[in-house]
Structure formats: structure tokens, C-alpha cells
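Report on the structure given below.
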2 protein chains.
Amino acid sequence: MVEYKTSPLDAVFHALADPTRRAMLRTLCAQPLPVGELAAPFEISLAAVSKHIQVLERAGLIRRTVTGRTHLCELDAAPLHAGMEWIRHYEQFWQQRVDALEALLKTEDLSRSPRKPRRKP
Amino acid sequence: MVEYKTSPLDAVFHALADPTRRAMLRTLCAQPLPVGELAAPFEISLAAVSKHIQVLERAGLIRRTVTGRTHLCELDAAPLHAGMEWIRHYEQFWQQRVDALEALLKTEDLSRSPRKPRRKP
């Protein structure tokens with residue numbers, strides 16, 4: 001019997017499964033931002049923004065620093081490393097398909113190209 | 001106003017956010033399997049297994065071929081490529097942290113190492 005417990009990867013991939021959260025991470029690449037400025041481009045309630053930020057925090061992708069009434073959000077990309085390593089294992093499989101497709105196209109090209117005249121020995 | 005519509009990436013990352021689904025993909029790396037064999041190592045109901053497989057199918061990560069009563073599941077890793085490319089953009093940010101940490105450790109090592117006696121000119 002195999003047991004699979006939840007892992008940090010669950011939280012990371014769950015955080016990335018939403019376009020608003022991915023856009024928030026993109027925005028924070030440029031600089032840390034207060035919650036209000038981070039939320040500004042999205043036409044969603046502040047409650048929804050807050051929920052998205054909590055998901056990102058649980059995944060360790062955002063660090064929040066509270067100074068008075070300002071909540072500053074900062075990107076922490078480190079947990080993404082494990083996500084990339086997990087996916088990287090499958091690179092060989094999609095690469096195999098690309099290689100097979102290339103080989104097929106090459107074969108078709110060869111069969112369609114006009115034959116060169118043979119040189120006389 | 002920025003609009004973020006759902007994309008194939010949502011489905012891929014959502015599919016990866018569960019340890020059972022990740023384990024199923026790992027299993028299918030070796031060979032295509034009928035649903036029953038794919039489900040065997042997990043102590044969950046067949047209904048739950050079926051739901052997980054549907055999530056993987058929606059993300060394009062599993063292709064199902066039905067022959068009579070046998071549903072054969074096959075891995076399709078291609079959609080993971082986009083996921084890896086999305087994450088790769090952030091590599092520079094976690095790399096910056098690793099570089100900063102290495103620089104810090106190097107500085108500490110230097111300050112702790114005994115001074116070499118100066119050569120006489």
C-alpha cells in the first residue's frame with residue numbers, strides 16, 4: 001500500500017493554478033508592493049485579493065511585512081525550484097515526442113525532395 | 001484594467017497540486033496502464049480514482065484509449081513544457097538568493113580563516 005501525504009509541492013502547484021495569483025507573482029518580480037497596489041489591476045474584491053495572497057503565503061511564494069497599516073508583499077521564488085525540478089523529470093518524455101516529430105518531418109522531406117542524379121563512378 | 005482568463009496552465013498546475021495525481025503520472029512514466037492497475041496502489045475509492053484521472057485528462061496529461069471494457073491510460077508530458085517555461089522565468093530570483101547566500105558564507109569563511117603571514121619583499 002502506497003501512502004502519499006500532502007507536501008509543499010501541493011501548496012506551490014495549487015498557488016500557481018490561478019491566473020490572478022500568477023499575475024501577482026509576475027508583478028512582484030519588479031519590486032515589493034503594498035497589498036493595495038498589488039490588488040489595483042484586478043477587478044475583484046479586497047476579500048478575494050486577500051484570499052489569493054494567503055494562498056501565495058501558504059506556498060511560501062510571498063512574504064508579508066506589516067509596518068503600521070501597510071502590508072508589504074515581497075516575492076520569494078525559492079519554493080518554485082522544487083516545482084521546476086519535479087516537472088524537469090518529464091522533459092525526456094515531451095522531448096521524445098518532439099524528436100519523433102522531427103524525425104517524421106525529415107523522412108517526409110526526404111521522400112518529397114527530387115532525387116539528385118547519381119554521379120558516374 | 002487587466003483581465004486574466006483561465007488558460008491551459010491553470011489545468012496543468014491544478015492537476016499537479018495533488019500527490020495522488022503526481023504519483024499516477026510517475027507510474028505512467030514506465031508504461032501505459034489500464035485504470036484498474038493504475039488505481040491499485042491507492043487506498044481510495046474507484047470513484048475518487050476516476051475523478052483524479054478526469055482532472056489529468058482535462059489537463060491533457062493523460063490520454064485514455066477505450067478498447068472494449070479496458071480503459072488504457074497513457075502519459076502525455078507535452079503540457080508540462082509550458083508549466084516548466086512559466087516557472088523557469090523565476091529561476092533568476094531564487095538563484096539570486098543562492099548567490100547571495102554563497103557570497104555571505106564566503107565572506108564569513110574569509111574573516112574566520114587564520115591570516116597567512118606576509119611574505120617579505
Side-chain angles (χ1 to χ4, degrees), chain A residues 1-30 38-44 52 55 59-61 63 74-98 100-101, chain B residues 1-30 38-44 52 55 59-61 63 74-98 100-101:
Chain A
M1 173 57 209
V2 184
E3 273 188 35
Y4 294 96
K5 292 189 178 163
T6 55
S7 80
L9 273 183
D10 299 3
V12 167
F13 286 134
H14 172 61
L16 299 185
D18 181 278
T20 304
R21 291 196 288 269
R22 290 199 302 276
M24 284 176 164
L25 292 179
R26 282 268 181 211
T27 306
L28 291 176
C29 282
L38 182 60
F42 307 101
E43 214 172 48
I44 50 175
H52 281 311
V55 173
L61 295 167
R63 274 193 306 267
E74 191 181 352
L75 172 73
D76 184 352
L80 292 174
H81 192 179
M84 194 163 99
E85 287 310 310
W86 192 92
I87 295 180
R88 197 194 293 279
H89 174 77
Y90 294 83
E91 194 167 13
Q92 54 184 313
F93 297 101
W94 76 69
Q95 200 53 49
Q96 275 169 11
R97 283 192 60 198
V98 173
L101 196 65
Chain B
M1 173 57 209
V2 184
E3 271 187 36
Y4 294 97
K5 292 189 180 163
T6 54
S7 80
L9 272 184
D10 298 3
V12 168
F13 286 134
H14 172 60
L16 300 185
D18 182 278
T20 304
R21 292 196 287 270
R22 290 198 302 275
M24 285 175 161
L25 293 178
R26 282 269 183 209
T27 306
L28 292 174
C29 282
L38 182 60
F42 306 101
E43 213 172 52
I44 50 174
H52 280 312
V55 173
L61 295 167
R63 275 192 306 267
E74 191 181 352
L75 172 73
D76 184 353
L80 292 175
H81 194 178
M84 196 163 95
E85 287 309 310
W86 192 91
I87 296 181
R88 198 194 292 279
H89 173 78
Y90 293 84
E91 194 168 13
Q92 54 184 314
F93 297 102
W94 76 69
Q95 201 54 49
Q96 275 169 10
R97 283 192 61 197
V98 173
L101 196 64

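Proteins get letters first, then strands, A, B, ... in listed order; numbering begins at 1 in each. Heavy-atom basis, side chains included; hydrogens, waters and symmetry copies ignored.
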Quiz item: Is it the side chain or the backbone of A:Leu25 that comes within 4.5 Å of chain B heavy atoms, both, or neither?
Solution: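 Both backbone and side chain.
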Quiz item: So what's closer than 4.5 Å to chain B heavy atoms on A:Glu91: side chain, backbone, both or neither?
Solution: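 The side chain, not the backbone.
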Self-check item: From A:Glu74 atom CD to A:Arg63 atom CZ, the distance as rounded to the nearest 0.5 Å
Solution: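 Answer rounded to 0.5 Å: 4.5 Å.
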Self-check item: side chain to side chain donor-acceptor pair (under 3.5 Å) partners for A:Glu85, two or more places apart
Solution: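 Testing A:Glu85 for side chain to side chain donor-acceptor pair (under 3.5 Å), a comparison that skips the adjacent residues, returns A:Arg88.
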Self-check item: All salt bridge (Lys or Arg N to Asp or Glu O under 4.0 Å) counterparts of A:Asp18, not counting sequence neighbours
Solution: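 Checked A:Asp18 against salt bridge (Lys or Arg N to Asp or Glu O under 4.0 Å); zero matches.
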Quiz prompt | Pick from B:Arg21, B:Gln92, B:His89, B:Arg26 with the largest number of heavy-atom pairs that fall under 4.5 Å of chain A | solution =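 Looking at each of B:Arg21, B:Gln92, B:His89, B:Arg26 in turn, B:Arg26 comes out on top.
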Quiz item: Out of A:Ala15, A:Ala11, A:Gly83, A:Ala77, which one racks up the most heavy-atom pairs below 4.5 Å with chain B?
Solution: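 The candidate making the most pairs under 4.5 Å is A:Ala77.
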Self-check item: Shortest non-hydrogen separation from B:Met24 to B:Leu38 and the atoms involved
Solution: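 In this case the closest contact between B:Met24 and B:Leu38 is O-CD1, 3.9 Å.
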